[in-house]
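Indexing begins at 1, ligand by ligand and atom by atom, following the structure's order. This one's a predicted model, so the numbers in the text were calculated from it and none came from an experiment. Residue numbers start at 1 and run along the sequence shown.
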Amino acid sequence: MSDSIIRIPEEEIRRQQGFADAFAALPGRPETYYIVTYGCQMNAHDSEKLAGILESMGMRPAGDKREADLVMHNTCCIRDNAERKALGNVTWLKEVRRERPQMLIGVCGCMVQEPGMAEKLLKQYPFVDIAFGTGNMHEVPEMLCRVVTERKRVVSVPQNESTVAEGLPIRRQSDIQAYLTIMYGCNNYCTYCIVPYVRGRERSRASSDILREAEVLRNSGVREVMLLGQNVNSYGASGGDMTFPQLLDHVAALGIPRIRFMTSHPKDLSDELIRVMADRPNIMRHFHLPVQSGSNAILKAMNRRYTREKYLERLSALRAAMPDIGVTSDLIVAFPGETDGDFEDTLSLTAQARYDSAFTFIYSPRTGTPAAAMPGQIPPDVASRRIAKLIEVQEKNTAAAFESMLGQTVNVLVTDRSRRGKDEMTGKCERNISVNFPGCDSDIGRILPIRITAASHTTLRGEKIGTA
Ligand code: SAH
Ligand code: SF4
Ligand code: F3S
């Protein structure tokens, strides 16, 4: 790791473990916890780390948040509605607490790292007992000890954002699929995006730490590992000791049945990465490659650092090497200054890209980002019309992709019962599309060949081979 990235010293991790042990021995301390998670995979995985820390303090999960002694909200602030939802739910809990005064209410995650948010929580949310940012989760034992023994509110946002904590406990949600963080933060500064401000500078974990964790997961029988980072393709540019394709190749060589990764920035998608994927059948045939816009003028204003042409060229290179690959995307409509012509470019790119699916968003101004101060903010009615049109175009892509899969046999990692009940199972195929099929609980955790027989709006249906 480079000098500017500070690995939290082992003594500090041990010191926190001391607080965890002390907490466990406190008479009348909170016994149960409940974590409400908002946002992306990064946050979902942070919640697994938080659960691991809380359990190392002797706490256990509560079945219902109304009954928990500590309710943590792991927040997201990527768009205004994400933030409003989290704050609304925190406020609602205040009412629940009237019945159970011993309940502690906590807020953590990206929103807490927003400039000014710590002060806002202190002033306007006096019922919040504990709040901390994404960068100081390892201090939870110490903070909670203070909340409980000193009966004080603790609001703490880290000063130094360039840290990486290793050796923390993790309470994983699934023993079939696991997240594995390879890097933290983001240096890309897309002009609309708040992530670099709330997640800090890009920091790569040491490859030895990543590979050790991957090995432990493999040995425990995990079927699928997802490597996580805001821009996995720049792994190594910020302190790691190899490139992302090299790291991916090493992880794949460990023999875990399925490897996925998220998210890739189109400007950094290298031929080397395409080669590694094509050579390793256990790297899944799915690529999430957010384009954001199909207009070169808007891409420039977004600071995305690629053109429509370059994006489409990368897509062709991917498909040339792996014709069966499924590609998905994120798209933003109504970025400031987006003309009808710019929007038409997004529609035509979307049609051309033939995405399996795409997340579509209306641009949401985030205070402190350059785009929030740009002229030409788009009225909500125009934005709504545009997103509806975009969704229509993408739905045609999805229908065409699903249609082309009818009759094919795909490998499905079975993860759950489907919503239909105990006789129908669900899982993802290599392209990351949900597939439902008649089956039983003993299928869960297995990778089964399924013949696709029908397609609905968002899922495929099929049957086990040999049982038709
Ligand atoms: N690091 C990833 C994902 C970041 S957040 C990447 O670069 O692709 C996930 C998606 O949220 C982004 O891809 C973008 O489409 C969307 N997004 C981010 N900021 C937004 C904003 N201010 N308004 C609307 N959508 C936004
Ligand atoms: Fe945000 Fe851009 Fe970084 Fe993704 S790459 S997290 S969109 S700044
Ligand atoms: Fe949201 Fe933070 Fe993820 S802002 S999208 S939870 S990185």
Student: Looking at Phe361, does the NZ or CZ of Arg79 lie under 6.0 angstrom from its six-membered ring centre and within 45 degrees of the ring axis?
Tutor: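 Yes, cation above the ring, under 6.0 Å and within 45°.
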Student: Does any N or O in the side chain of Asn136 come within less than 3.5 Å of the main-chain N or O of Ser156, such that one atom is a donor and the other an acceptor?
Tutor: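 Answer holds: yes.
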Student: Could you check whether atom CZ of Arg66 has more than 12 heavy atoms from other residues, nucleotides or ligands sitting under 6.0 Å from it?
Tutor: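 No - once you tally the heavy atoms of other residues, nucleotides and ligands closer than 6.0 Å, there are 12 at most.
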Student: In terms of residue, atom name and distance, what is the protein heavy atom nearest to atom 3 (Fe) of ligand 3?
Tutor: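 For atom 3 (Fe) of ligand 3, the nearest protein heavy atom comes out as Cys40 SG, 2.3 Å.
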Student: Touching ligand 2 at all, Arg199? Heavy atoms, strictly under 4.0 Å?
Tutor: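 Not so, Arg199 does not reach ligand 2.
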Student: Going by heavy atoms, is Arg199 under 4.0 Å from ligand 3?
Tutor: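 Contact check Arg199 vs ligand 3: positive.
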Student: What are the atoms of ligand 2, with element, lying closer than 4.0 Å to any heavy atom of Cys186?
Tutor: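 Answer, ordered by atom number: 3 (Fe), 5 (S), 6 (S), 8 (S).
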Student: With the threshold set at under 4.0 angstrom, would you say Ile332 reaches ligand 1 through any of its heavy atoms?
Tutor: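 A heavy atom of Ile332 does come that close to ligand 1.
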Student: Of the side chain and backbone of Pro290, name the one, both, or neither that has a heavy atom under 4.0 Å from an atom of ligand 1.
Tutor: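 Only the side chain of Pro290 comes within reach of ligand 1.
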Student: Could you tell me whether Arg79 approaches ligand 1 through its side chain, its backbone, both or neither, with non-hydrogen atoms closer than 4.0 Å?
Tutor: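 Just the side chain.
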Student: Around atom 1 (Fe) of ligand 2, find the nearest protein heavy atom and jot down its residue, atom name and distance.
Tutor: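 Result for atom 1 (Fe) of ligand 2: Cys193 SG, 2.3 Å.
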Student: Can you find an N or O of Asp330 that's nearer than 3.5 Å to an N or O of ligand 1?
Tutor: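 Yes, there is a polar N/O contact under 3.5 Å.
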Student: Does Cys76 bring an N, O or S atom to within less than 2.8 Å of atom 1 (Fe) of ligand 3?
Tutor: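 It does; at least one qualifying atom falls short of 2.8 Å.
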Student: Considering only the protein, which heavy-atom contact is closest to atom 5 (S) of ligand 2, and what is its distance?
Tutor: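 Of every protein heavy atom, Asn188 ND2, 3.4 Å lies nearest to atom 5 (S) of ligand 2.
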Student: For a quick check under 3.5 Å, do Ser434 and Thr459 share a side-chain donor-acceptor pair by atom type?
Tutor: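 Note: Ser434 and Thr459 side chains miss the donor-acceptor criterion.
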Student: Please confirm whether Gln41 comes under 4.0 Å of ligand 3, counting heavy atoms of the residue only.
Tutor: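 Gln41: no contact with ligand 3 (<4.0 Å).
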Student: What is the nearest protein non-hydrogen atom to atom 2 (Fe) of ligand 3, stated with its residue, atom name and distance?
Tutor: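 The closest one turns out to be Cys110 SG, 2.2 Å.
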Student: Just jot down the ligand 2 atoms closer than 4.0 angstrom to any heavy atom of Tyr189, in number order.
Tutor: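 Checking each atom against Tyr189, I get 8 (S).
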Student: Can you report which non-hydrogen protein atom sits closest to atom 7 (S) of ligand 3, along with the distance?
Tutor: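 Protein heavy atom with the smallest distance to atom 7 (S) of ligand 3: Gln230 NE2, 3.1 Å.
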Student: Using a strict cut-off of 4.0 Å, indicate which atoms of ligand 3 neighbour a heavy atom of Asn43.
Tutor: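 Ligand 3 atoms under the 4.0 Å threshold to Asn43: 6 (S).
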Student: Out of curiosity, is Ile362 lining ligand 1, as in a heavy atom under 4.0 Å away?
Tutor: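 Distance cut 4.0 Å: Ile362 passes for ligand 1.
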Student: Would Thr263 count as being in polar contact with ligand 1, using the rule that some N or O on each side must be under 3.5 angstrom apart?
Tutor: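 No: no nitrogen or oxygen of Thr263 is under 3.5 Å from one in ligand 1.
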Student: Below 4.0 Å from ligand 1: does a non-hydrogen atom of His265 turn up there or not?
Tutor: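 It does not; every heavy atom stays at 4.0 Å or beyond.
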Student: With a 4.0 Å cut-off on heavy atoms, does Val195 reach ligand 1?
Tutor: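 For ligand 1, residue contact (heavy atoms, under 4.0 Å) with Val195 is absent.
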